[in-house]
Each structure stands twice: as C-alpha cells, then as structure tokens.
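In what follows, chains carry the letters A, B, and so on, assigned in the order in which the sequence lines appear, proteins first and then strands, with residues in each chain numbered from 1.
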There are 2 protein chains.
Amino acid sequence: MEQSEHHFLNESTVEDVARTFKALADPTRVKILYLLSQEECSVGHIADVLNMTQSAVSHQLSFLKNLRLVKSRRQGKSLFYSYDDEHVIGVLKQVIDHSLHD
Amino acid sequence: MEQSEHHFLNESTVEDVARTFKALADPTRVKILYLLSQEECSVGHIADVLNMTQSAVSHQLSFLKNLRLVKSRRQGKSLFYSYDDEHVIGVLKQVIDHSLHD
DNA sequence: TCAACATATGAGCATGTGTTCATATAATAA
DNA sequence: TTATTATATGAACACATGCTCATATGTTGA
C-alpha cells in the first residue's frame, strides 16, 4: 500500500478540469446548455423559455462563451447562440441520463 | 423554429445534475477524487500527498460523503476513504482525458 | 485511566458567484 | 436622424464556498 505508484495530474490540468465542471455546476447553466443542445436560440428566447431576465441570461452566455462552450451568430437584431463543445454537451447528457435513471 | 419541440428537464433533475457537477468543480476535490480513483486512502495520506491540512481534507471528504461520492472504512485509528460512485469517477476520467489530449 | 494519534466539526474570514438594476452598444425601420 | 428592438456590460448586493484555527470525538496502547 505504501509503495503504490500514483499517477499525478499537473496543476494546470486539474484547474482546467475543475473549470470545465464549474461551467456545468449551476442549474441555470445546465438549463441553458441543455436547451442549446436541442436548438440554436436567441438570447430573448432563452430568457422566455427559462423565465429569466435578459440580463441574467446574457451574463451566463458571456460566461459560457469565455470558456468556448457556446458560440454566437448575429441575425438582424438578434444573436443566436449554439453549443461549441460537443464533448462537454456529451458529458452533460450523460449525467442527465444518469440522474434520470435511478 | 418557433414550432420546435423542446424536451424539458424538471427542476429536481436540473438541481441534481448541477449538484453532481459542483462536486467536481473544485481543484481540491478533483485531486482527491482522482487519487481515490487509484487507491483507497486515509485522510492523513491524502493530506500528505496533496499538501493540504488535515482539516481541509476532512471537510472536503465530508462534503463528498454527503453526496455519496465516497465512502469510508475504519481501520484502527485511521479512516480509509474510497470512491462510491463509479459513474461520477468515469465522468471525471473522461474530462481529464479530454483536457490532456488537446 | 491516561497519553498519543487520527479524524471530525464549528466558527470566522476572505473570496467567489449569480442575480438585479441601470445604462451602454448595436442593428433595423421609418 | 431618430425611435425601437435586442443584447451586452458594469456596479452593487446577498449568498455560497473553501480555507484556517481551535477544539471535540474516537481509537489504541501503556
């Protein structure tokens, strides 16, 4: 037991992993990302569907965009957001499925 | 676009999912869970390996135990912790791998 | 029983987080 | 240009979080 070989992660990897999970660690962001996993949405549409203020949604989208988990596309006056990290969406769906099936 | 069918998650599912991700959303807990994914450890051993105080480790283990992500077993004066949720460990490893390979 | 060791726990503190509110920026139409 | 609509942004605030410190609890061996 005292001679076992550990595999260690370097600090930047640990922080990157924690940062990724932090993006998914809030109910609002879970709802937003799950919505975006189904369709591209404007900010206003997200606010309507999730019953949130425009500002709160915009702040969270800005947060997610900084992490490159979502991207945006302008169409007229609106900005349409969509997910930009398939792996993270996959992990989200996996944990949702697990939560639903037990 | 305006007629599309969304699939919605109920609030308790969303909160459960966010709570799970929150467990993984801190560098210290990532390190602890990754260590436990490799071997059962006493509290003191974790503190030594991660260069943390005994108290800080114990608080985090208590947090993880409340979420049933780890379990403990007493052996003499020591408590040995091990992971108790294979799915969450799998998700952790998956995100670690993804972080390492890009 | 008592000392030594291992872990748990509560209070306190500094920092982080998610929201609201007011306002700024940007695109469109008249 | 100006009014309208859509979104972004900064400040402020309440609350959550992760740590330290002191101390409590629990186990073992003398």
Side-chain angles (χ1 to χ4, degrees), chain A residues 1-2 11 14-36 40-82 84, chain B residues 1-2 11 14-36 40-82 84:
Chain A
M1 187 77 63
E2 52 272 305
E11 194 62 28
V14 168
E15 300 209 340
D16 184 54
V17 168
R19 190 165 30 243
T20 298
F21 283 123
K22 196 167 291 186
L24 303 167
D26 171 74
T28 294
R29 290 193 292 274
V30 166
K31 290 181 204 168
I32 291 175
L33 285 171
Y34 187 64
L35 191 52
L36 295 183
E40 193 186 34
C41 294
S42 71
V43 179
H45 181 64
I46 298 173
D48 285 348
V49 168
L50 302 185
N51 196 31
M52 295 177 59
T53 66
Q54 174 270 322
S55 180
V57 171
S58 181
H59 276 297
Q60 294 293 6
L61 287 170
S62 161
F63 177 93
L64 293 171
K65 196 172 184 180
N66 280 334
L67 291 177
R68 300 180 192 284
L69 300 187
V70 303
K71 62 181 187 246
S72 63
R73 168 180 76 80
R74 185 173 280 283
Q75 180 177 302
K77 281 177 273 195
S78 296
L79 281 173
F80 283 84
Y81 280 82
S82 54
D84 198 26
Chain B
M1 186 76 64
E2 50 272 306
E11 195 62 27
V14 168
E15 299 210 340
D16 184 53
V17 168
R19 189 166 29 244
T20 298
F21 283 123
K22 195 167 290 186
L24 302 167
D26 172 75
T28 293
R29 290 193 293 273
V30 166
K31 290 181 205 168
I32 290 175
L33 285 170
Y34 187 64
L35 191 52
L36 295 182
E40 192 186 36
C41 294
S42 71
V43 178
H45 181 64
I46 297 173
D48 284 349
V49 169
L50 302 185
N51 196 32
M52 294 178 59
T53 66
Q54 174 269 323
S55 180
V57 171
S58 182
H59 276 297
Q60 294 292 8
L61 288 170
S62 160
F63 177 92
L64 294 170
K65 196 173 184 180
N66 279 333
L67 291 177
R68 300 180 192 283
L69 299 187
V70 304
K71 62 181 186 247
S72 63
R73 167 180 76 80
R74 184 172 281 284
Q75 181 176 300
K77 281 177 271 195
S78 297
L79 281 174
F80 283 83
Y81 280 82
S82 54
D84 198 27

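Inter-residue side-chain proximity for Val57(A) and Leu50(A) is flagged as unmet; no heavy-atom pair is nearer than 4.5 Å.
With dA8(D), dT20(D), dT20(C) as the choices, the nucleotide that has an atom nearest any side-chain atom of Thr53(B) turns out to be dT20(D). For Thr28(B), counting side-chain heavy atoms from C-beta on, the closest listed nucleotide (dC19(D), dA8(C), dT9(C)) is dC19(D). Comparing atom distances between the Ser58(A) side chain and each of dT20(C), dG18(C), dA8(D) picks out dA8(D) as nearest. Residue Val43(A) has its side chain nearest to dT7(D) when only dC19(D), dA8(C), dT7(D) are considered.
In this structure, Leu79(B) places its CG atom 14 Å from C1' of dT9(C), rounding to the nearest Å. Atom CZ in Arg73(B) sits roughly 16 Å away from atom P in dA6(C) (whole-Å rounding). Residue Leu61(B) contributes atom CG, which lies 11 Å from atom P of dT9(C) at whole-angstrom precision. If you take NE2 of His59(B) and P of dC21(D), they are 12 Å apart, rounded to a whole angstrom. In this structure, the CZ atom of Phe63(A) is 16 Å from the P atom of dA8(D), given to the nearest Å. Whole-Å rounding puts the Phe21(A) CZ to dG16(C) C1' distance at 20 Å. Rounded to an integer number of Å, the gap from CG of Asn66(A) to C1' of dT17(C) is 15 Å. Per the geometry, CG belonging to Asp26(B) stands 10 Å off C1' belonging to dC19(D), to the nearest Å.
Within a 6.0 Å radius of CG in Asn66(B), other residues, nucleotides and ligands contribute more than 12 heavy atoms. Annotation: Arg74(B), atom CZ; neighbour count of heavy atoms from other residues, nucleotides and ligands within 6.0 Å is above 12.
In this model, a side-chain donor or acceptor of Ser55(B) finds a partner on the base of dT9(C) within 3.5 Å. Remark: the Gln54(B) side chain and the dA8(C) base include a donor-acceptor N/O pair separated by less than 3.5 Å.
Using a 4.0 Å cut-off between a side-chain N of Lys or Arg and a carboxylate O of Asp or Glu, Lys31(B) and Glu11(A) qualify as a salt bridge.
Between Tyr81(A) and dA6(D) there is no side-chain N or O to OP1 or OP2 distance below 4.0 Å. The phosphate of dC19(D) (OP1 or OP2) has a side-chain N or O of Gln60(B) nearer than 4.0 angstrom. Phosphate proximity of dA16(D) to Lys22(B): absent, as no side-chain N or O sits under 4.0 Å from OP1 or OP2. Contact annotation: Ser42(B) side-chain N/O to dA6(C) OP1/OP2 distance is not under 4.0 Å.
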For nucleotides 24-30 of chain D, 5' to 3', base contacts (B), sugar-phosphate-only contacts (S) and non-contacts (-) with protein non-hydrogen atoms under 4.0 Å give ---BS--
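Within the model, atoms CG of Asp84(A) and CG of Leu36(A) stand 11.0 Å from one another, a figure rounded to the nearest 0.5 Å. Rounding to the nearest 0.5 Å gives a distance of 10.5 Å between OG of Ser42(B) and CZ of Arg73(B). Expressed to the nearest 0.5 Å, how far CD of Gln60(A) lies from OH of Tyr81(A) amounts to 12.0 Å.
For the side chain to side chain contact (heavy atoms under 4.5 Å, CB included) with Ile32(B), the qualifying choice from Val30(B), Leu35(B), Thr28(B) is Thr28(B), the only one to do so.
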